[in-house]
Chemist: 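This is the structure I want to talk about, given as structure tokens.
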Amino acid sequence: MSGTAFQKIYTHITHITKATCTLKATGVGNEELALVHGRLAQVVKIMGDQVTLQVFAGTEGIPSNAEVVFFNRPPALKVSEDLAGRFFNAYGDPIDGGPAVEGEEREIGGPSVNPVRRRQPSELIATGIAGIDLNNSLVTGQKIPFFADPDQPFNQVMAMVALRAKADKIILGGMGLTNDDYLYYKNVFENAGALDRIISFVNTTEDPPVERLLVPDMALTAAEYFAVDKNEKVLVLLTDMTLYADALSIVSNRMDQIPSKDSMPGSLYSDLAKIYEKAVQFPSGGSITIIAVTTLSGGDITHAIPDNTGYITEGQLFLRRDTDIGKVIVDPFRSLSRLKQLVIGKKTREDHPQVMNAAVRLYADAANAKTKLENGFDLTDYDQRTLKFAKEYSDKLLAIDVNIDTERMLDTAWELFARHFSQAEVGIKKEFVDKYWPKN
Amino acid sequence: MKTTAKTTGKVSGIVANLVIVEVDGPVAQNEICYIRHDDVRLMAEVIKVVGNKAYTQVFESTRGLRPGNAVEFEGHMLQATLGPGILSSIYDGLMHDLHEMTGVFLKRGEYTRALDPDKLWDFTPLAKPGDTVEAADWLGEVMENSIPHRIMVPFVFEGKYTVKSVVPAGQYKVNDTIAVLTGKDGKEYPVTMVQYWPVKKAIKAYRDKPRPFKLLQTGVRTIDTLNPITEGGTGFIPGPFGSGKTVLQHALSKQAEADIVIVAACGERANEVVELFVEFPELEDPRTGRKLMERTTIIANTSNMPVAAREASVYTAMTIAEYYRSMGHKILLLADSTSRWAQALREMSNRMEELPGPDAFPMDLPAIISNFYSRAGFVYLKNGHTGSITFIGTVSPAGGNLKEPVTESTKKVARAFYALSQQRADSKRYPAIDPIDSYSKYLEYPEVQETLKKTVADNWVDNVMQMKNILIRGKEAAEQINILGDDGVPLDYHLTYWKSEVIDSIILQQDAFDNIDSNTPMDRQRYMVDKVLEIYNTDFEFDSFEEVNPYFKRMINTLKQMNYSGFMSEEFKRFEEELQNIIAERKVQS
Ligand SMILES: Nc1ncnc2c1ncn2[C@@H]1O[C@H](COP(=O)(O)OP(=O)(O)O)[C@@H](O)[C@H]1O
Ligand SMILES: [Mg+2]
């Protein structure tokens, strides 16, 4: 993203904060890009002839007589097939040593899809992970985050899901990614021979935090190009959206906005929704699916970032270490895929919805039994059986290292039901019990 | 408002979608203006005036706008376009027809018409020359998807008029003159099938607004039976994300016995709107046999659409509801979620650097909410007909904590409270309406009790109260068992708990995705309530608490199978027989 033609140069900044600077300028458009002391900046406020710029790389060392040049256009990305297989920074400049990409220049953060032009998502994404496919089936055009504490292996799970998802393109938007994680993704994709399907926009922990604000829009502009122009199935991975939101709060605090809950800007919901709602099933077959990561602090989902995210996304996947089996599982209680109704029992076997619910109900009974045990009470025979069931269910179905197809997951669940419970205790519709309850 | 030359102005400041305009003439609060930008005009609304500066909220992205952009003021507030053709339409928050827009993506400044100007409607006159009429009186009617759509004297007409002429029965377009009225001033006023009304003002063209007294059936057992909503009543559904607000509202929109359903998708997911317009043209209204879409209008201002239009969307929806109520219809208005509307207000208030109230919401939030809810209600029209707007909004409390301004303000005005509980949702006890925290004030109205007795059963209200008690006692018993252990409490505690579990599992829990279970008519609800109370009133015999759990599980399982079977079908009766056998096994013989 470089300047064009002759531009008027300003050299008198009147106000500098950690993330913004203000100067007198005329003829400037809202959200227009500028270069301040060689750093990219964007217009965030205009009051008369006072223009406030958000400087992505921070304002450290910017003098009040720094050169400011306006570009006369908002941030943009050049799109073409050549994006495939490439790694870029938050500005869309290559970081893989390759040449700049040629193509049509598209403004990032463009308009929304007309709701009546959307198609209802209906294509199942099979991941082989039963905690997802059995209890929380994903669908193309869906948007869903992993809610995970920072020490959980969400990047590994996400990479696994991405590779198994059969997407035409996988677009990685990395925000505050550690260099190690960045290299991890690169390696996994390379080893899977998938590099030509991958496009990455990465802001690492070494880069200035405010730059991250550009990453989702860059990634989604590329995604829209492949999904709309090429009718491809695009999977966008956004990690970590908590760090994205932190950058939002940095900027809004610098602009003296009144913070709402958890010092987040009052517009957090709209800001996040604008990103996540880019997930869509287009009528012509292309789709954008967004899988994101929202790291939690101490598992607290009432914090404004996960809270607003949960209100926007179509469910969430919780990772949790199950100490009974010593593995990470997809927690069936707090996880939810809101679009699963569109496919389970329709694209998958008829008994899927009931089997899923029954297993989770029994697992909940086990949790109650566990509480009893911890409180020093005797367990009933039923309690004992739920505990045995829960352990097997966790190990054979919820653990993230499970990789089987949905039919096999359902059969496994029936086997566990029959091993530990009577038909009445499982409480599934009779026609399914008659058909699927293991004989002998 | 003013009739003189249009006021104009120039943009002088921009902060996100707040645009400050220097004006050269008078402007009114809430007046609409258009900001010129390149070759498009962006719609905006005045939200504050200071000297010659008008603060406007723009209903679009303000990207690229610059100081000096020309602005034209329209001389009217944001208004709804009212006439035949609203039903089955899908509008944005400003009532632009989304189907009429070109392309896959929304385009800034593409403002489509609300009504089809070319469609011919079969008009039948209802008034005749010489009649004295006033605002909202019916001049004629057309059939809109088989629902009578009354063409009324425009609401803005003040005082009495005399009908000079009405066109004969025949086919007309919405903009054709269908009647001419003569005013007191002797002037003639032509009336078409279209009229306009500022959305933020209530339409009060009715005689009288009594307290609601009639049950509005929804087919959702935990509502109809335990905490009923009334025709013209107000209710709200607060709950953390994923607790089932939207699924519940969708169930209401499909099943409620309303003539017309208006859904305001306010700042929520676009895919949820897609679900409605994919399903509704296929699904049938069980009472009329007609497709659901025919009685439905959707206002879609999803979370990625402009924030200011989100605020407008609930008003647009309410105005449409009031318009149809004036025709004597029973309207159900749903808004998901009113918190997003409040957040839109908060975003603007922050940008204007107003002194914030609690949680940075505007100070006057309670007044705004109360004012909005007060527009619902059951009314007697001046011509003796009745109409109603039942309004149910969802609330999305931050962190699921009900001690927050939107929930608290709404609680003060809405009469039915359906609190969704995270715990119930987590254990998949859907709909997750907490039976103990939730309430319907209507159940206390003598006039509502009276109609319930007449329409459902003589002992109905007593039964409902009894069930509420059982649920509370069941909860207490469960707590005791948890504290003291299974064998640390008398056997009776287990029975109390499990009898309340029967009510919870069979009456409260309901599978919204099962064709039969999802929608329970009132007679079936009464039948099942009698059934569970019969069980409650039965004395059972057990030797130890260990027998209680498996026994009741079996019983609940059989009752559930009844819920999944067609009412009084062979299957249903078979399960009922099975149930009677189970009951007999342990019934104390007297
Ligand atoms: N009555 C119900 N029956 C079955 N599942 C339900 C029911 N209500 C909610 N759910 C489940 O909960 C999910 C979230 O519900 P939703 O209404 O979207 O929540 P909210 O609007 O409160 O965020 C749904 O996708 C569905 O899986
Ligand atoms: Mg919802």
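Not measured: the values here are computed from a predicted model.
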Chemist: Hey, are Asp365(A) and Lys553(B) close enough for a salt bridge, meaning a charged N less than 4.0 Å from a carboxylate O?
Modeler: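 The answer is yes: the pair qualifies as a salt bridge.
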Chemist: Report which part of Glu275(B) has an atom under 4.5 Å of a heavy atom belonging to chain A: side chain, backbone, both, or neither.
Modeler: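 Backbone plus side chain of Glu275(B), per the 4.5 Å heavy-atom cut-off to chain A.
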Chemist: What part of Asn557(B) gets closer than 4.5 Å to chain A, counting heavy atoms only: side chain, backbone, both or neither?
Modeler: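 For Asn557(B), the side chain is the part near chain A, not the backbone.
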Chemist: Which bit of Glu272(B) is near chain A, if near means a heavy-atom gap under 4.5 Å: side chain, backbone, both or neither?
Modeler: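 For Glu272(B), the contact with chain A is made by the side chain alone.
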Chemist: Val360(A) versus chain B, heavy atoms under 4.5 Å apart: side chain, backbone, both or neither?
Modeler: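 Just the side chain, heavy atoms under 4.5 Å.
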Chemist: Checking Asn350(B) against chain A: side chain, backbone, both or neither under 4.5 Å from a heavy atom?
Modeler: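 Looking at Asn350(B), backbone and side chain both touch chain A.
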Chemist: Under 4.5 Å from any heavy atom of chain A, what part of Lys107(B) do you find: side chain, backbone, both or neither?
Modeler: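 Nothing of Lys107(B), per the 4.5 Å heavy-atom cut-off to chain A.
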Chemist: Please classify the contact of Glu224(A) with chain B as side chain, backbone, both or neither, using a heavy-atom distance under 4.5 Å.
Modeler: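 Side chain of Glu224(A) only, per the 4.5 Å heavy-atom cut-off to chain B.
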Chemist: Please state whether the side chain, the backbone, both or neither of Ile483(B) comes within less than 4.5 Å of a heavy atom of chain A.
Modeler: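 Interface part for Ile483(B): backbone (N, CA, C, O).
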Chemist: Between Lys45(A), Arg117(A), Arg361(A), Lys278(A), which residue shows the highest count of heavy-atom pairs closer than 4.5 Å to chain B?
Modeler: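 Greatest number of close heavy-atom pairs with chain B: Arg117(A).
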Chemist: For chain A, which of Arg554(B), Glu546(B), Met101(B), Arg108(B) has the most heavy-atom pairs under 4.5 Å?
Modeler: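 Looking at each option in turn, the highest pair count goes to Met101(B).
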Chemist: Among Ser422(A), Gly310(A), Pro111(A), Gly266(A), which residue has the highest count of heavy-atom pairs closer than 4.5 Å to chain B?
Modeler: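 Going by pairs under 4.5 Å, I would pick Gly310(A).
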Chemist: Under 4.5 Å heavy-atom distance to chain A, tell me which part of Ile298(B) shows up: side chain, backbone, both or neither.
Modeler: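 For Ile298(B), there is no contact with chain A at all, as no heavy atom is under 4.5 Å.
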Chemist: Given the ring of Tyr276(A), does Arg269(B) sit roughly above its face, with NZ or CZ under 6.0 Å from the centre of the six-membered ring and within 45° of the axis?
Modeler: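 Negative - Arg269(B) is either too far from the ring of Tyr276(A) or too far off its axis.
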Chemist: Among Ala364(A), Ser284(A), Pro121(A), single out the residue with the greatest number of heavy-atom pairs under 4.5 Å to chain B.
Modeler: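 Most heavy-atom pairs under 4.5 Å with chain B: Pro121(A).
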Chemist: Applying side-chain hydrogen bond (donor to acceptor under 3.5 Å, both in side chains) between Ser270(A) and each of Gln343(B), Arg340(B), Arg310(B), report the one that passes.
Modeler: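 That would be Arg310(B).
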Chemist: For Gln422(B), which atoms come within 4.5 Å of any heavy atom of chain A: side chain, backbone, both, or neither?
Modeler: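 Side chain only.
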Chemist: Check this for me: does any side-chain nitrogen of one of Glu404(B) and Lys261(A) sit under 4.0 Å from a carboxylate oxygen of the other?
Modeler: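 Answer for the salt bridge query: no.
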Chemist: Less than 4.5 Å apart, side chain to side chain, heavy atoms only: is that true for Thr302(A) and Asn401(B)?
Modeler: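 No, their side chains stay 4.5 Å or more apart.
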Chemist: Under a 4.5 Å heavy-atom cut-off, does chain A meet the side chain of Ala16(B), its backbone, both or neither?
Modeler: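 The backbone, not the side chain.
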Chemist: Is it the side chain or the backbone of Ile14(B) that comes within 4.5 Å of chain A heavy atoms, both, or neither?
Modeler: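 Ile14(B) touches chain A through backbone and side-chain heavy atoms alike.
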Chemist: Can you find a pair of side-chain heavy atoms, one from Ile20(B) and one from Met47(A), that are under 4.5 Å apart?
Modeler: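 In contact.
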Chemist: Name the region of Pro397(B), side chain, backbone, both or neither, that has any atom closer than 4.5 Å to a heavy atom of chain A.
Modeler: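 Pro397(B) touches chain A through backbone and side-chain heavy atoms alike.
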Chemist: Hey, does Asp486(B) have a side-chain heavy atom less than 4.5 Å from the side chain of Thr380(A)?
Modeler: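 Yes - at least one pair of side-chain heavy atoms lies under 4.5 Å apart.
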Chemist: Can you tell me which portion of Leu336(A) sits under 4.5 Å from chain B's heavy atoms? Options are side chain, backbone, both or neither.
Modeler: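 Just its side chain gets close to chain B.
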Chemist: Let's test your reading of the structure: which of Arg338(A), Gln423(A), Glu107(A) forms the most heavy-atom pairs below 4.5 Å with chain B?
Modeler: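 Max contact count across the listed options: Arg338(A).
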Chemist: Side chain, backbone, both or neither: which part of Phe333(A) has a heavy atom under 4.5 Å from chain B?
Modeler: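 Phe333(A) touches chain B through backbone and side-chain heavy atoms alike.
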